[in-house]
Each structure stands twice: as C-alpha cells, then as structure tokens.
Number of protein chains: 2
Amino acid sequence: MPERSTRAMIVEKADTLFYEGGFEATSFADIAAVVGISRGNFYHHFKTKDDILDAVIARRIEQTRGMLALWEAEGDGPRARILSFIRMLIANRAKIMAFGCPVGTLCSELAKLDHGAQGRAAEILGLFRDWLAGQFRALGAGDRAEALALHVLSWSQGVAVMASAFRDETFLHSEVAGIEAWLSTVPDPAPLT
Amino acid sequence: MPERSTRAMIVEKADTLFYEGGFEATSFADIAAVVGISRGNFYHHFKTKDDILDAVIARRIEQTRGMLALWEAEGDGPRARILSFIRMLIANRAKIMAFGCPVGTLCSELAKLDHGAQGRAAEILGLFRDWLAGQFRALGAGDRAEALALHVLSWSQGVAVMASAFRDETFLHSEVAGIEAWLSTVPDPAPLT
DNA sequence: GTCTATATTTGGATAGAC
DNA sequence: GTCTATCCAAATATAGAC
C-alpha cells in the first residue's frame, strides 16, 4: 500500500478545486494537472466527473463525522461543543471570505445544476444539524433542540455568504460574537432568534 | 421602438437562466434557444458572455432600486418597510427553495470563478444593506443601524441557503417568523442576535 | 497503473450572405 | 438585425501501447 494512493490524491485535490473554483468550472484537466497525472490515467480511477463528485462528498461526510467525534470527545460540555462549531467560521475565515462555506456553496451549485448528488451534499449539513441538536438537547432545549440547531446552522451559512460577498472580516467577527452571545442565553433565549 | 427589443429579451432570459442554472453552466446556445434567435445573431448584441453578465447585473441593480423605491413609497413606517424585505422570502419561496437567493448565489459563484463582476454583484446586496440601514436609523437604531441591516441581510441569506439545501418550507416559515419577532424588539433587542 | 494519441462533443466567437 | 456556415479551443471520454 503506497503512502497515498493515486485515487486518494485525486479525491483530495478535486475536493479543494471543487471548493475553490466550483464543481462545474473544474475540469478533468485541472484536477489531473494538480495531481500530476495524465488525463488518460484519470479514467482508470474514475469513469465520469459525477463519480469524482460522489467520492468527494463521501470524503467530506467522513471528515465531518471525524470532526464531530473529535469535538464530542474534546469539548467540555454541550455549550463548549457548540462553540467549536461556531468558531470554525473564525478558524477558516480566510477561505470563507474567498470561497464561502464549502458545504453551503456546493449545495447551492448542485441545486442549480439539478444534480442528483444535491441530496447527498445536503446530508453533510444534516450531520451538523443532528449533532448540534444533540448538544442543544443536552442543554435542556427539549423539543426545540432541532429548531435551535437549524438556526445556528442557518446563521453560520448567512455569515459565510455575506463575509465572502463583501470580503468583510469585521462583519464576520461581530456576527460570531453575536452567535456566542445568543448561545449564552440558550436554552431560554428571549425570542427564537 | 418594438414592444421589447431583442437585446432586452436576451438580458431578461439570461437573467432567469443564470439564476436557475448558474452563470458558468448556462451557454450561449441555451440563451439563444430560449430567446428564439440563432447563435450568430447573439453576437450582434453582445460580444462576450461577460458582457451579458454585466447587463444582467445592471438590470438587477435597476430592478432592486425600483423595488426599494416602491417599498419606500408604500410602506407604513420603517418597521413595515423592513417587513417588506423579509417577506420576499415568503413571496419567492418556491424559487428560493429550488435555486436559493438570486443575489447570494450569484455572488458565491462569481467569487469562486474569481470573476471581476463579483464586486458589482455584491453592490446589489449593498443596495439592500444601505436601504435597510436607513430604515433602522428611522427606528432610532443610531450607530447600530448598519450592523442591524447586515444582520437582517445575513439572516435572510442563511435562510435561503438552508431552505434550498433541505427543500424545507416549514423551516423557511419558522425562520421568517423568528426574524419578525426579533424585529419587533428593535431598536432595543436583548443581545445583538 | 500510467502514458500518448485520438475521437467526439460542446462552447465561445467570427465571417459574410440576406 | 437576423441568419447559416464555419473556426478554434476546451472538455469529456476512449483505445491501445508500455
């Protein structure tokens, strides 16, 4: 087994290119060039572009599961775990200001392309939603846990869109502070907000 | 002057196709087919695809200005005017669930394409931001008016992304209700939220 | 598994007749 | 202003040698 298979390299580089340049705009030639293989060799590993997309989404699902498991193990209580999620916006701010959220922008693009993989891409958001809902339940949010989870997810998506549209890091920081302030009022926030 | 010029038809149809299918994925052939003209004729009106994009963005800017002016004239006070903005999410829910927000998704796509027109697309969001800030100032929000405007804009962008990712109309309605509840607390909301 | 070469299609763009 | 015909480049995909 090599240190990293060609197939794994293709998926890894395709993931980055799809994020930074979009799925539709990324060609096989682009991926082959970055991986350092010929276009012909490419087809030995993947028959169609959709196959690569499937592999990229599968990879992202796995990485998301891994990250959530890590936060689950590391976080000191549900509130701190939710903060781990929110602070992704800060940790990845440079990329988010340049390219938006990897998951949100992929879902948006696939929706327009009417692409069959849109549902699988949305599953990644579903992982975050379910994990966040679990944390809110642990905070005592009860029936409102899922709504609160969707709210946090939605809020972070909005911040990502706006931060990339305006390239505004100040806005990003102030909204993250706003989410944190809101979180400190859960499970009993004034309006739903 | 014809009832509607070919050029205007091209811009109108391109606007729809760019929204529903994305800029990159929409070809000249697609636009020509919908307009009902030959590809050759196309180039009599626009030299490049970027020229069409410029015209589409200019059209959207004009339409946005017109809509804001209408809300300004019709709305009964700043709070009702802000509600006009928020309720776009409800009025356009079918298209938003299918294709997201026309402006947010265009900005996201152009950011990934590293396209020069990204800034002009973001100007449309800027129009909403400035208009909303004016309404919040009229509500007595003072220095916080622009931050509140960005917050509403960001919130609606998040709702659009999530509603299209999950095709979830219930979520869309409940978040709109949440924005309205929050708005009723402005200019003195508990946290920034 | 990897390469070169090539087939096929599509997309952006032009020339010139009507 | 509109059309047909055409060019060129790029993209997906395949065949077959090494």
Side-chain angles (χ1 to χ4, degrees), chain A residues 1-59 106 109-110 112-118, chain B residues 1-59 106 109-110 112-118 120-121:
Chain A
M1 193 184 299
E3 78 283 3
R4 206 198 261 107
S5 71
T6 299
R7 190 195 149 90
M9 282 286 292
I10 291 173
V11 176
E12 180 188 326
K13 300 300 188 184
D15 192 345
T16 303
L17 289 169
F18 289 173
Y19 173 36
E20 300 184 355
F23 170 68
E24 181 80 9
T26 300
S27 71
F28 279 24
D30 293 334
I31 304 171
V34 172
V35 175
I37 61 173
S38 68
R39 269 162 296 162
N41 186 8
F42 206 99
Y43 288 85
H44 177 72
H45 301 281
F46 295 96
K47 293 201 208 314
T48 71
K49 200 176 173 183
D50 288 349
D51 289 341
I52 306 170
L53 179 61
D54 281 343
V56 165
I57 293 175
R59 175 189 148 93
L106 181 63
E109 182 178 4
L110 295 181
K112 283 181 198 287
L113 296 176
D114 201 20
H115 196 292
Q118 197 271 348
Chain B
M1 194 183 303
E3 78 282 3
R4 205 197 262 107
S5 72
T6 299
R7 188 196 150 91
M9 280 288 290
I10 291 173
V11 176
E12 180 188 327
K13 300 299 188 185
D15 191 344
T16 303
L17 288 170
F18 288 172
Y19 173 36
E20 299 184 355
F23 170 68
E24 181 79 9
T26 300
S27 70
F28 279 26
D30 293 333
I31 303 171
V34 172
V35 176
I37 60 173
S38 68
R39 270 164 297 163
N41 186 7
F42 206 102
Y43 288 86
H44 177 73
H45 301 282
F46 295 95
K47 293 201 208 310
T48 72
K49 199 177 175 185
D50 288 348
D51 288 343
I52 306 170
L53 179 61
D54 281 343
V56 166
I57 293 175
R59 173 189 149 94
L106 181 62
E109 182 178 4
L110 296 182
K112 282 180 198 288
L113 296 176
D114 202 19
H115 196 292
Q118 197 270 349
R120 293 198 65 218

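None of the values given here were measured: they were computed from a predicted structure.
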So do [Y] and [X] actually touch side chain to side chain, heavy atoms under 4.5 Å?
{"X": "A:His115", "Y": "A:Asp50", "value": "yes"}
{"X": "B:Leu110", "Y": "B:Arg120", "value": "no"}
{"X": "A:Thr6", "Y": "A:His44", "value": "no"}
{"X": "A:Phe23", "Y": "A:Val56", "value": "no"}

Between [N] atom [atom2] and [X] atom [atom1], what is the distance in whole Å?
{"X": "B:Ile31", "N": "C:dG12", "atom1": "CD1", "atom2": "C1'", "answer": "11 Å"}
{"X": "B:Arg7", "N": "D:dG1", "atom1": "CZ", "atom2": "P", "answer": "11 Å"}
{"X": "A:Leu53", "N": "D:dT12", "atom1": "CG", "atom2": "P", "answer": "13 Å"}
{"X": "A:Asp51", "N": "D:dT12", "atom1": "CG", "atom2": "P", "answer": "13 Å"}
{"X": "B:Asp30", "N": "C:dG12", "atom1": "CG", "atom2": "P", "answer": "8 Å"}
{"X": "B:Phe42", "N": "D:dT4", "atom1": "CZ", "atom2": "P", "answer": "16 Å"}

Would you confirm whether B:Asp54, through its side chain, and B:Asp51, through its main-chain N or O, come within 3.5 Å as a donor-acceptor pair?
no
For C:dG1, does OP1 or OP2 lie under 4.0 Å from any side-chain N or O of A:His44?
yes
B:Tyr43 ring center near B:Phe28 ring center (under 6.0 Å):
yes
Generate the contact string for nucleotides 13-18 of chain D. Rules: B means base contact, S means sugar-phosphate contact only, - means no protein heavy atom under 4.0 Å.
BB----
Of the listed nucleotides D:dT12, C:dC3, D:dT4, the one nearest the side chain of A:Ser27:
D:dT12
